[in-house]
There are 2 protein chains.
Amino acid sequence: MKDSLEQWLEELLEKHEGERMTDKQSRILRAAVEVFAEKGYSGAATSEIAQRAGVAEGTIFRHYRTKKDLLYSIVAPFVAKLIEPFVLRDLYPLIDNPHPTFEGFIRALLDNRIAFAEKNIKVIKILLQEVPFHPELREQFLSKVAERVLVKLSNAVYHYRKQGQIVDLPPLTMIRLVGSTLFGYLIVRFLFAPSGWDDTQEREATVQYILHGLNRKN
Amino acid sequence: MKDSLEQWLEELLEKHEGERMTDKQSRILRAAVEVFAEKGYSGAATSEIAQRAGVAEGTIFRHYRTKKDLLYSIVAPFVAKLIEPFVLRDLYPLIDNPHPTFEGFIRALLDNRIAFAEKNIKVIKILLQEVPFHPELREQFLSKVAERVLVKLSNAVYHYRKQGQIVDLPPLTMIRLVGSTLFGYLIVRFLFAPSGWDDTQEREATVQYILHGLNRKN
DNA sequence: TATAAAAATAAGTGATTACTCACTTTTTAT
DNA sequence: ATAAAAAGTGAGTAATCACTTATTTTTATA
């Protein structure tokens with residue numbers, strides 16, 4: 001957990017147009033992720049973030065004009081990362097260089113998103129919590145994710161539908177169904193984390209459920 | 001929307017051991033639901049709740065010792081309502097007097113929960129938002145919902161599995177899969193509310209997805 | 001109508017909030 | 001080595017927070 005957070009943080013550093021972050025700045029970010037995830041944006045006090053980062057409160061406002069800026073600087077690059085696998089065709093040939101079978105596609109998608117969720121639980125929690133209260137966040141999320149990802153996914157799904165591999169439903173409907181199933185798997189596994197969770201079995205059941213649910217033989 | 005909120009409020013009044021609520025008290029509750037849903041618990045100021053209820057701020061604290069009490073008085077009876085259809089056998093013969101077919105069961109469950117969600121969107125939003133930050137809420141929710149509802153559902157699912165109507169998976173796994181699909185339908189319909197949403201078509205696709213997904217003919 | 005109880009109020013309370021600013025320390029460039 | 005720039009500090013700001021209390025208004029009962 002700590003490793004993946006650190007890794008994410010470092011990736012965030014590099015994003016900042018070559019400008020390296022200072023040690024204190026990265027500690028502020030780390031503490032902010034922690035406190036935002038624990039108490040939510042409104043419940044998180046900048047004083048506590050400063051304290052946990054081992055930094056004077058004024059230092060926060062030297063780097064981030066407002067508390068909201070701090071939130072955005074955490075969430076915004078994450079949203080970008082969220083879309084990445086759907087737009088970087090050479091890194092992830094998931095969409096544009098598709099698997100021959102729908103099953104292979106689903107399995108790859110599942111693996112890909114599970115790995116991503118594993119690395120970003122805390123930021124995902126923050127995003128889910130705060131999107132309802134920040135119209136700008138919601139707008140950015142919807143415009144980027146909805147417009148870009150949904151279009152890419154629609155194309156892929158349409159491709160398998162045309163081949164007769166899956167049932168004849170609107171692509172958006174199928175994306176909702178598969179997305180729900182995938183999302184439910186992730187929520188139950190990472191947020192509820194039930195005892196006695198047999199992951200290989202659950203994952204296989206999930207894949208089979210999707211495949212049969214969208215099988216063209218009605 | 002306003003009708004259902006009023007109806008829910010009246011049901012809440014009757015719950016209070018015969019003690020009728022004053023007019024101002026119910027207006028406080030109504031305003032609190034509104035503001036909590038809009039800004040979240042931490043972001044909601046008691047001053048704004050009072051203002052929107054057309055009431056002095058002190059009046060809130062005459063009826064509710066703390067702000068947290070106000071939140072609980074809204075959410076607690078809702079959690080009870082959430083479980084009701086699974087424990088009141090005579091009102092909802094959904095579980096204990098089951099449908100002969102799994103398909104009938106799923107359709108009834110879907111209709112039942114959609115109607116419930118339709119009537120309680122705002123309180124559902126509050127519950128989803130605040131459960132992560134209030135251990136007592138989470139504990140009550142998990143102990144009541146998880147223990148009572150999951151047991152009932154497991155029995156029902158086990159019944160259909162024994163009859164060979166559905167695939168041979170652990171009941172909890174199947175509940176997760178069906179629950180995810182149902183939840184995804186509700187979220188997309190009520191929270192995203194996409195334009196051009198053909199509800200009968202979406203609902204039928206959802207039912208078919210579940211039925212084929214759990215069909216025993218693998 | 002008289003009176004006691006309950007409900008409601010308005011003006012506070014100290015604590016905490018996000019944020020500022022004058023100042024010191026550290027880093028960088030020449 | 002030195003000066004300019006950047007980073008960091010912590011005391012202080014007004015505003016807002018949840019909550020209290022003394023007082024007034026409303027309601028119920030006789």
Side-chain angles (χ1 to χ4, degrees), chain A residues 9 12-13 16-75 126 129-130 133-134 136-137, chain B residues 9 12-13 16-75 126 129-130 133-134 136-137:
Chain A
L9 205 67
L12 196 147
L13 303 196
H16 252 280
E17 311 174 21
E19 289 183 23
R20 265 254 149 212
M21 274 183 180
T22 88
D23 169 61
K24 305 230 166 186
Q25 195 167 353
S26 75
R27 283 167 64 185
I28 289 172
L29 271 184
R30 215 183 310 237
V33 170
E34 207 82 33
V35 181
F36 281 153
E38 270 177 38
K39 318 208 163 169
Y41 174 77
S42 290
T46 51
S47 58
E48 184 177 353
I49 295 176
Q51 194 181 1
R52 254 199 245 190
V55 151
E57 200 173 349
T59 311
I60 293 179
F61 293 96
R62 174 146 317 264
H63 296 288
Y64 307 94
R65 275 179 48 262
T66 64
K67 186 186 170 189
K68 210 165 239 180
D69 273 12
L70 179 56
L71 173 69
Y72 291 167
S73 79
I74 289 171
V75 173
I126 296 175
Q129 287 297 332
E130 299 310 328
F133 304 130
H134 303 263
E136 319 89 351
L137 268 187
Chain B
L9 204 68
L12 195 149
L13 304 197
H16 252 282
E17 310 175 22
E19 287 183 26
R20 264 255 148 213
M21 273 182 180
T22 117
D23 168 61
K24 304 231 167 187
Q25 197 168 350
S26 75
R27 283 167 65 186
I28 289 172
L29 271 183
R30 215 182 309 239
V33 170
E34 208 81 33
V35 182
F36 281 153
E38 270 178 37
K39 318 208 164 170
Y41 174 78
S42 290
T46 50
S47 59
E48 184 177 353
I49 295 176
Q51 194 180 4
R52 249 196 250 192
V55 150
E57 200 174 349
T59 311
I60 293 179
F61 293 95
R62 174 147 317 266
H63 296 287
Y64 307 94
R65 275 178 49 260
T66 64
K67 186 186 171 189
K68 212 166 236 179
D69 273 12
L70 179 56
L71 172 69
Y72 291 169
S73 79
I74 289 171
V75 173
I126 296 176
Q129 285 298 329
E130 300 310 326
F133 304 130
H134 302 263
E136 320 90 352
L137 268 186

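Chain naming here is simple, since letters A, B, ... match the order of the sequence lines and numbering starts at 1 in each.
Between B/T66 and B/Y72 there is no side-chain heavy-atom pair separated by less than 4.5 Å. Using a 4.5 Å heavy-atom threshold, the side chains of B/Y64 and B/I74 count as separate.
At whole-Å resolution of the value, CZ in A/R27 and P in D/dA7 are 16 Å apart. Whole-Å rounding puts the B/H63 NE2 to D/dT20 C1' distance at 16 Å. Whole-Å rounding puts the B/Q51 CD to D/dA18 C1' distance at 16 Å. Put simply, CD1 on A/I49 is 18 Å from C1' on D/dT9, counting in whole angstrom units. Rounded to whole angstrom, the span from the CG atom of B/D69 across to the P atom of D/dA18 amounts to 14 Å. One atom, CG of B/D23, and another, C1' of C/dA6, lie 15 Å apart when rounded to the nearest Å. For the pair B/I60 CD1 and C/dA7 C1', the computed distance is 14 Å after rounding to whole Å.
Closest non-hydrogen pair, A/I49 versus A/A31, comes out as O-CB, 3.6 Å. Taking each heavy atom of B/F36 and B/A44 in turn, the nearest pair found is CD2-CB, 3.6 Å. The heavy-atom pair separating A/K67 from A/F61 by the smallest distance is N-CE2, 4.2 Å.
Expressed to the nearest 0.5 Å, how far CD1 of A/I126 lies from CD of A/E38 amounts to 10.0 Å.
With sequence neighbours left out, B/T59 forms a side chain to side chain contact (heavy atoms under 4.5 Å, CB included) with B/I28, B/V55, B/A56, B/H63. With sequence neighbours excluded, the residues that form a side chain to side chain donor-acceptor pair (under 3.5 Å) with B/E48 are B/K39, B/R52. Partners of A/Y41 according to the side chain to side chain donor-acceptor pair (under 3.5 Å) rule, which considers only residues two or more places apart in sequence or in another chain, do not exist here.
Note on A/T59: every side-chain N or O is 4.0 Å or more away from OP1 and OP2 of D/dA7.
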* **For DNA chain C, the dot-bracket pattern of Watson-Crick and G-U pairs whose distances stay under 3.5 Å, | for other-strand partners** => ||||||||||||||||||||||||||||||

* Structure fact -> Counting primed atoms, P, OP1 and OP2 as sugar-phosphate and everything else as base, the B/S/- map of nucleotides 15-25 of chain C against protein heavy atoms under 4.0 Å is --SBBB-B---

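Between the side chains of B/T46 and B/E57, at least one donor N or O sits under 3.5 Å from an acceptor N or O.
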* **Verdict with supporting geometry, B/V75 and B/H134, side-chain contact (heavy atoms from CB on, under 4.5 Å)** => CA-CA 12 Å; B/V75 173; B/H134 302 263; over 6 Å; no

With 3.5 Å as the limit, what N/O pairs link the protein to nucleotides 24-28 of chain D?
none

